[in-house]
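For reference, the structure discussed in these notes is given below.
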Amino acid sequence: MHAKSIRVGMAGCGTVGCGVGDLLIRDHDALAARTGLDIRLVRVAIRDVCKSRAPHVPDAIITGDLATLNRADVDLVVELIGGTTVARQVVLSAIAAGKDVVTANKALLALHGPEIYAAARAAGVGVLFEGSVCGGLPVIGGVLRGLIANRIDAFEGILNGTCNYVLTEMLVAGKSFADALADAQRLGYAEADPALDINGTDTAHKLAVLATLAFGVHADFATIPVEGITRIGLVDLLAGHELGFACKLLAVGRMTEDGPALYVRPTFLTREHPFVGVDGRGNAVSFYGHSVGHVMFKGMGAGGGPTASAVVSDVVEIALGNGRRTFTQLPMFDTAAATRQAAMRPTAPARFYVRCAARGGAAAVSGIADGLRGAGVAVQEARPFTHPAVAAEGTYVILLTAPTMESTMRAAIDGMQKGGAATEAPVYLPVTDPFVSSNP
Ligand SMILES: NC(=O)c1ccc[n+]([C@@H]2O[C@H](COP(=O)([O-])OP(=O)(O)OC[C@H]3O[C@@H](n4cnc5c(N)ncnc54)[C@H](OP(=O)(O)O)[C@@H]3O)[C@@H](O)[C@H]2O)c1
């Protein structure tokens, strides 16, 4: 005898939706034994009703009519369509019909979170989104429940498995960027159009979601500085490796005296950094709380199975009665009270790695270093760099700077290009040590 029955309607039955179908139908009895809940998937709305679905999702519950999710025989709507147009309508109309909502759609939350949270709170229903950041890793619940006693000073993450896979494969297997990305697509890690992965946008969507949880702010998405991995060459990874650095696409949130600094950029990690070794499709997120110190989540983030695991945990949380209560109680989802804020660029100085293709090859090293020094950048190391794997590209000059303000660095790089010292736009990225928590 189950304590409570709940009827789920689901929009979308693709990679994640099929996984949810498996967990709710194939594993129904095991889930009931574990939770004391009778969770029934009663309707699945998709676009193409002729497409074959997960073997466990019966044809009888499939429909092409999204509006039927709002009928009285559905208690809770799971949105797994993706995108920000139809998905927004599905979520807002479910809320208007008095349904709790579960979504894994980070783009929707990053761009329309305040609108959705306000509508849900006005309707007295919950919106849960554990699957939106790092798939199966319990990051959202970890922060909202496990770390709620803390003032979060900072967080950082490797949040996109495709980028991490590409960077790892380039270095480990010596592949070009294009070949590593093609492999990620072939293996099903990347989107069919992987632009949102490699240009950093997907990472920034997740960063915006985490900023709401960690800092209670709703970042104006368009103001978040975002740089993807498209300019990183194999030569950078090889040079960094020689210097003892690992390149990762990092999402960073720091609370500063002037507000939150949020940004996404490729970064070299020093050997001591806790993310070193998070390779391939791996994801990781660290939080630095004033009481708990450093806490890190690490594992295979996205994918159908892991993300479905997170989605079903939200469904259970709602069925248990906790999800709606938590969502409607916590002030960070009260968008009237919470700050809607522009994200700031980092203001602390950092060391930088610079790589440029120089006219004159090795002979140009001192000239380029002197040029940077002339622009106010203290250069710690400057040398020519070649490697058999990139021999065809000729000789590069690589430099390491002392801690430098971003604005000074940017001006110096602009000067290098204008002065003709570099034959193409130099690549520069920060070098990051582990964050020092207020309570390490
Ligand atoms: N894939 C992952 O590893 C992962 C991880 C974390 C979060 N997410 C998020 O989870 C969500 C779903 O991702 P996914 O990878 O499962 O996507 P997907 O494989 O592309 O599946 C999308 C589903 O939505 C349906 N759909 C699309 N437009 C529709 C419309 N206008 N009306 C009705 N149905 C529509 C599709 O129907 P048809 O099948 O009929 O075309 C399909 O079943 C996204 O927000 C994504 O960002 C995904």
Rounded to the nearest 0.5 Å, what separates atom CD1 in Ile152 from atom CG in Leu213? 9.5 Å
For the residue pair Phe155 and Leu207, establish whether any side-chain heavy-atom pair is separated by less than 4.5 Å. yes
Given Leu167 and Leu237, is the side-chain contact (heavy atoms from CB on, under 4.5 Å) satisfied, shown in steps? CA-CA 8 Å; Leu167 293 173; Leu237 305 182; 4.2 Å; yes
Side chain to side chain, Asn164 and Leu249, heavy atoms closer than 4.5 Å: no
The salt bridge (Lys or Arg N to Asp or Glu O under 4.0 Å) partners of Arg47 (sequence neighbours excluded) come to none
Does either side chain, that of His294 or that of Ser286, offer a donor lying less than 3.5 Å from an acceptor on the other one? yes
With sequence neighbours left out, which residue pairs that include part of residues 84-104 fulfil the side chain to side chain donor-acceptor pair (under 3.5 Å) condition? Asn70-Ser93, Glu79-Thr103, Arg88-Glu115, Asp100-Arg324
Donor-acceptor check, side chain of Asp153 to backbone of Gly289, threshold 3.5 angstrom: yes or no? no
Within the 4.5 Å heavy-atom criterion, are Phe129 and Ile116 side-chain neighbours or not? no
If you look at every heavy atom in Met296 and Ala284, which pair is closest and at what distance? CE-CB, 4.3 Å
Strictly under 6.0 Å, is that where the ring centroids of His205 and Phe221 end up? yes
Exam field: side chain Asp197 to backbone Cys163, donor-acceptor pair closer than 3.5 Å: no
Which atom of Cys247 lies closest to which atom of Leu429, heavy atoms considered: SG-CD1, 4.0 Å
Which residues satisfy the salt bridge (Lys or Arg N to Asp or Glu O under 4.0 Å) test with Glu317, sequence neighbours excluded? Arg145
Suppose we screen for side chain to side chain contact (heavy atoms under 4.5 Å, CB included). Which residues come up paired with Val390, at least two apart in sequence or across chains? Leu234, Val235, Leu238, His387, Glu393
Salt bridge (charged side-chain N to carboxylate O under 4.0 Å, His left out) contacts in which one or both residues fall within residues 119-137, not counting sequence neighbours: none
Check ring-ring contact (aromatic ring centres under 6.0 Å, His included) between His112 and all other residues, then give those that pass, not counting sequence neighbours. none
With no hydrogens and no angle check, do the side chains of Asp27 and His56 hold a donor and an acceptor under 3.5 Å apart? no
Just wondering, are more than 12 heavy atoms of other shown residues or ligands nearer than 6.0 Å to CG in Asp48? yes
Which atom pair, heavy atoms only, marks the closest approach of Leu108 to Gly83? CB-O, 4.2 Å
Passing candidate, side chain to side chain contact (heavy atoms under 4.5 Å, CB included) with Leu31, options Leu23, Ile39, Leu37, Val315: Ile39
Scan residues 239-261 for pairs that pass salt bridge (charged side-chain N to carboxylate O under 4.0 Å, His left out), counting only residues two or more places apart or in two chains. Glu156-Arg254, Glu242-Arg383, Lys248-Asp279
In terms of relative ring orientation, are Phe352 and Tyr428 parallel, tilted or perpendicular, with 30° and 60° separating the classes? tilted
Contacts satisfying salt bridge (charged side-chain N to carboxylate O under 4.0 Å, His left out) that involve residues 202-214 (not counting sequence neighbours) are Lys106-Asp202, Asp202-Lys206
What heavy-atom pair brings Ala302 and Asn283 nearest, and what distance separates the two atoms? N-OD1, 4.4 Å
Out of the candidates Asn199, Asp236, Ile198, only one should pair with Ile229 under the side chain to side chain contact (heavy atoms under 4.5 Å, CB included) rule; please name it. Ile198
With rounding to the nearest 0.5 angstrom, report the SG to CD1 distance, Cys356 to Ile398. 10.0 Å
Are the side chains of Val252 and Leu262 in contact, using a 4.5 Å heavy-atom criterion? no
Shortest non-hydrogen separation from Pro430 to Thr267 and the atoms involved: O-CG2, 3.5 Å
Within residues 297-306 or reaching into it, pairs that qualify as salt bridge (charged side-chain N to carboxylate O under 4.0 Å, His left out) - sequence neighbours excluded: none
List the steps, then state whether side-chain contact (heavy atoms from CB on, under 4.5 Å) holds for Ile25 with Asp22. CA-CA 5 Å; Ile25 295 176; Asp22 282 349; over 6 Å; no
Does the side chain of Val139 come within less than 4.5 Å of Leu210's, by heavy atoms? yes
Any sub-3.5 Å donor-acceptor pair from Asp38's side-chain atoms to Lys4's backbone N or O? no
Evaluate the side-chain proximity of Leu66 to Ile81: yes if any heavy-atom separation is below 4.5 Å, no if none is. yes
Pair Thr432, His273 - check side-chain contact (heavy atoms from CB on, under 4.5 Å), show working. CA-CA 8 Å; Thr432 293; His273 198 285; 4.2 Å; yes
Qualifying residues under salt bridge (Lys or Arg N to Asp or Glu O under 4.0 Å), relative to Asp73, sequence neighbours excluded: Arg43
Does either side chain, that of Thr203 or that of Asn160, offer a donor lying less than 3.5 Å from an acceptor on the other one? no
Would a 4.5 Å heavy-atom cut-off, applied to side chains only, mark Thr307 and Leu80 as touching? no
Is the centre of the Tyr396 ring less than 6.0 Å from the centre of the Phe385 ring? no
For residues 7-17, which residue pairs qualify under side chain to side chain donor-acceptor pair (under 3.5 Å), counting only residues two or more places apart or in two chains? Arg7-Asp75
Does the side chain of Phe287 come within less than 4.5 Å of Asn150's, by heavy atoms? no
Look up atom OH in Tyr263 and atom CD in Glu406, then write down how far apart they are to the nearest 0.5 Å. 8.5 Å
Nearest 0.5 Å please: distance from the CD1 atom of Ile6 over to the CG atom of Leu41. 12.0 Å
Search all heavy atoms of Val44 against all heavy atoms of Gly12 and return the closest pair with its distance. CG1-O, 4.5 Å
Parallel, tilted or perpendicular: which describes the rings of Tyr117 and Phe333, with under 30° parallel and over 60° perpendicular? perpendicular
Assess the residue pair Val354 and Val427 against the criterion (side-chain contact (heavy atoms from CB on, under 4.5 Å)); give the C-alpha distance rounded to whole Å, side-chain angles, the decisive distance to 0.1 Å, and a yes or no. CA-CA 6 Å; Val354 184; Val427 167; over 6 Å; no
Main-chain N/O of Ala402 paired to Thr404 side chain as donor or acceptor, under 3.5 Å: yes
More than 12 heavy atoms of other residues, nucleotides or ligands under 6.0 Å from CD of Glu272: is that the case? yes
From CE (Met10) to CD1 (Ile62), nearest 0.5 Å: 8.5 Å
Scan for side chain to side chain donor-acceptor pair (under 3.5 Å) pairs involving residues 165-180, sequence neighbours excluded, and state none if there are none. Glu169-Lys175, Lys175-Asp183, Ser176-Asp179
How many angstroms lie between CG in Asn322 and CG in Asp314, if you round to the nearest 0.5 Å? 11.5 Å
